[in-house]
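Note sheet for the following structure.
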Amino acid sequence: MSRVNELFEAAKSAREKSYSPYSKFAVGAALIDEQGRIHTGCNIENAAYPEGCCAEAIAIGHLVMAGGKRVREALVVADADLATPCGGCRQKLLEFGDANVRVHVADLNGVRRDFTIGSLLPAGFILKEND
């Protein structure tokens with residue numbers, strides 16, 4: 001069962017903490033882990049642009065630090081018509097989820113589009129499991 005409203009509010013709140021003095025483009029992300037917990041992140045830039053951190057990557061870091069292993073659902077919010085995760089974050093979401101993970105993309109008023117990570121990254125890099 002989707003908890004998209006909770007994810008939206010959590011991501012919107014995280015976005016308010018964004019450190020984006022160079023791009024002026026604040027992003028928030030919220031993820032649900034396999035235990036049902038929500039983890040958030042915001043983008044963090046620095047003067048060695050573009051060596052900042054994406055909101056999704058920060059949220060995954062929080063998930064891992066809290067003992068989470070898997071992303072079950074994600075939401076990204078920005079003040080834009082459509083701000084999907086970048087290529088690197090698509091790979092990170094695939095790494096900690098699977099092709100069926102729902103990724104909701106929102107503006108400041110609510111969800112604009114829904115995707116799966118597989119539709120955003122149809123040929124993602126997946127290591128072969130060791131037998």
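Just so it is clear, the model here is predicted, and its values are computed rather than measured. Because only heavy atoms are used, hydrogens play no part in the values below, and waters and symmetry mates are left out as well, while side chains stay in.
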Starting at [atom1] of [X], measure out to [atom2] of [Y] and round the result to the nearest 0.5 Å.
{"X": "Cys89", "Y": "Ile117", "atom1": "SG", "atom2": "CD1", "result": "9.0 Å"}
{"X": "Asn46", "Y": "Tyr19", "atom1": "CG", "atom2": "OH", "result": "8.0 Å"}
{"X": "Phe115", "Y": "Arg102", "atom1": "CZ", "atom2": "CZ", "result": "9.5 Å"}

May I ask you to check whether Thr116 and Asn100 show a side-chain donor-acceptor distance below 3.5 Å?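 Note: Thr116 and Asn100 side chains miss the donor-acceptor criterion.
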Those residues that, when tested against Glu95, pass salt bridge (Lys or Arg N to Asp or Glu O under 4.0 Å) (two or more places apart): none
List the residues meeting salt bridge (Lys or Arg N to Asp or Glu O under 4.0 Å) with Asp107, not counting sequence neighbours, and say none if there are none. Arg112
Sorted by first residue and then second, give each salt bridge (charged side-chain N to carboxylate O under 4.0 Å, His left out) pair with at least one member in residues 4-15; sequence neighbours left out.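 For residues 4-15: Arg3-Glu6.
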Residues passing the side-chain hydrogen bond (donor to acceptor under 3.5 Å, both in side chains) test with Asp79, sequence neighbours excluded, are none
In chain order, what residues pass the side-chain hydrogen bond (donor to acceptor under 3.5 Å, both in side chains) check against Thr84, with sequence neighbours excluded? Arg90
Residues 50-64, side-chain donor-acceptor partners within the protein, below 3.5 Å, at least two apart:
{"from": "His62", "atom 1": "ND1", "to": "Thr40", "atom 2": "O", "distance (Å)": "2.7"}

Side chain to side chain contact (heavy atoms under 4.5 Å, CB included) between Phe8 and His104: does it pass, once the steps are laid out? CA-CA 9 Å; Phe8 175 71; His104 311 283; over 6 Å; no
Considering only distance and modelled atom types, tabulate donor-acceptor pairs under 3.5 Å from the side chains of residues 23-33, sequence neighbours left out.
{"from": "Ser23", "atom 1": "OG", "to": "Phe25", "atom 2": "N", "distance (Å)": "3.1"}
{"from": "Ser23", "atom 1": "OG", "to": "Glu45", "atom 2": "OE2", "distance (Å)": "2.3"}
{"from": "Lys24", "atom 1": "NZ", "to": "Pro21", "atom 2": "O", "distance (Å)": "2.5"}
{"from": "Asp33", "atom 1": "OD1", "to": "Gln35", "atom 2": "N", "distance (Å)": "2.8"}
{"from": "Asp33", "atom 1": "OD1", "to": "Gly36", "atom 2": "N", "distance (Å)": "3.0"}
{"from": "Asp33", "atom 1": "OD1", "to": "Arg37", "atom 2": "N", "distance (Å)": "2.9"}
{"from": "Asp33", "atom 1": "OD2", "to": "Arg37", "atom 2": "NE", "distance (Å)": "2.8"}
{"from": "Asp33", "atom 1": "OD2", "to": "Arg37", "atom 2": "NH2", "distance (Å)": "2.9"}
{"from": "Asp33", "atom 1": "OD2", "to": "His39", "atom 2": "NE2", "distance (Å)": "2.8"}

